[in-house]
Amino acid sequence: MATSSSSNKNNKTSSKITNIAVLASGKGTNLQSIIDKIESGYLDAKIAIVISDKADAIALERAKKHKIAAMFLDSKKATSREEYDKTVVKHLEKYKVDVVVLAGFMRLLSKYFVEKYKNRLINIHPSLLPSFPGIHGYEDAWEYGVKVSGCTVHFVDEGCDTGPIILQKFNPIKDDDTFESFKERGLKIEHEALPEALKLFCEGRLKVEGRKVRIL
Ligand code: GAR
């Protein structure tokens with residue numbers, strides 16, 4: 001089996017602050033967790049740009065409130081997935097982005113995008129992958145009746161939620177949970193997991209070896 005090995009150390013010089021782009025379609029609570037962890041000093045990085053495919057995404061409001069460049073890019077104006085992604089990448093390049101974070105970005109990315117940001121493209125998913133991929137992670141895990149769920153932060157490849165896993169955190173289901181309490185606790189766990197993974201990236205401590213991500 002062919003395996004590739006690469007550390008994200010080479011993507012930037014150690015003295016340079018990591019430029020993050022966040023792509024988000026919705027509420028942006030994961031975006032907020034990154035903003036908070038940067039402001040608290042936990043994360044040594046800068047959010048250079050927030051991009052959304054939804055004009056009314058609360059994520060855009062959150063960015064503006066923190067004086068972060070925020071942009072709505074309308075997918076209806078593009079004739080194909082790749083054309084849309086090329087527009088997104090054009091902006092990412094303008095902002096000299098080191099790493100792209102999908103924080104509730106509900107669009108599949110083209111091969112073009114994934115190859116452009118290989119091992120620099122990170123997604124958070126609200127289940128323990130490979131269980132329950134797709135856009136209804138919480139609902140699907142809850143309805144299945146799992147006893148333990150959680151979230152996964154992973155590098156993105158061309159599949160749907162299939163890329164190499166950086167870290168996973170558990171969310172055990174309690175007897176008296178409702179779907180709402182399960183999801184509320186799950187989101188809090190996501191808000192720890194995503195900044196933790198990003199911190200590892202920013203410190204150049206993630207080494208991708210085929211499907212495995214080693215933490216240095
Ligand atoms: C989060 O639960 C995230 O894991 C999920 O969307 C939500 C976005 O919330 N992502 C996916 O399901 C991706 N397949 P947020 O906008 O409040 O960060």
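In listed order, ligands and their atoms are each counted from 1.
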**Q.** Hydrophobic cluster partners of Met106 (side-chain heavy atoms under 4.5 Å)
**A.** Ile135
**Q.** Every residue of the protein that comes under 4.0 Å of ligand 1, judged on heavy atoms
**A.** Gly26, Lys27, Gly28, Thr29, Asn30, Gly104, Met106, Ile124, His125, Pro126, Gly134, Tyr138, Leu187, Glu190
(Q) Between Asn171 and Ser149, is there a side-chain donor-acceptor contact under 3.5 Å, judged purely by atom types and distance? (A) no
Q. What pairs meet the salt bridge (Lys or Arg N to Asp or Glu O under 4.0 Å) rule with one or both residues in residues 33-49, with sequence neighbours excluded?
A. Lys37-Glu192
(Q) Quick one, Phe155 with Leu206, criterion side chain to side chain contact (heavy atoms under 4.5 Å, CB included). Give me CA distance, side-chain angles, the key distance, then yes/no. (A) CA-CA 10 Å; Phe155 285 114; Leu206 299 178; 3.8 Å; yes
Q. Honestly curious: do Phe105 and Ile124 fall in one hydrophobic cluster under the side-chain, below-4.5 Å linking rule?
A. no
Side-chain atoms of residues 68-77: list all donor-acceptor pairs with protein atoms under 3.5 Å, sequence neighbours left out, distances to 0.1 Å.
| residue | atom | partner | partner atom | Å |
| --- | --- | --- | --- | --- |
| Asp74 | OD1 | Lys76 | N | 3.0 |

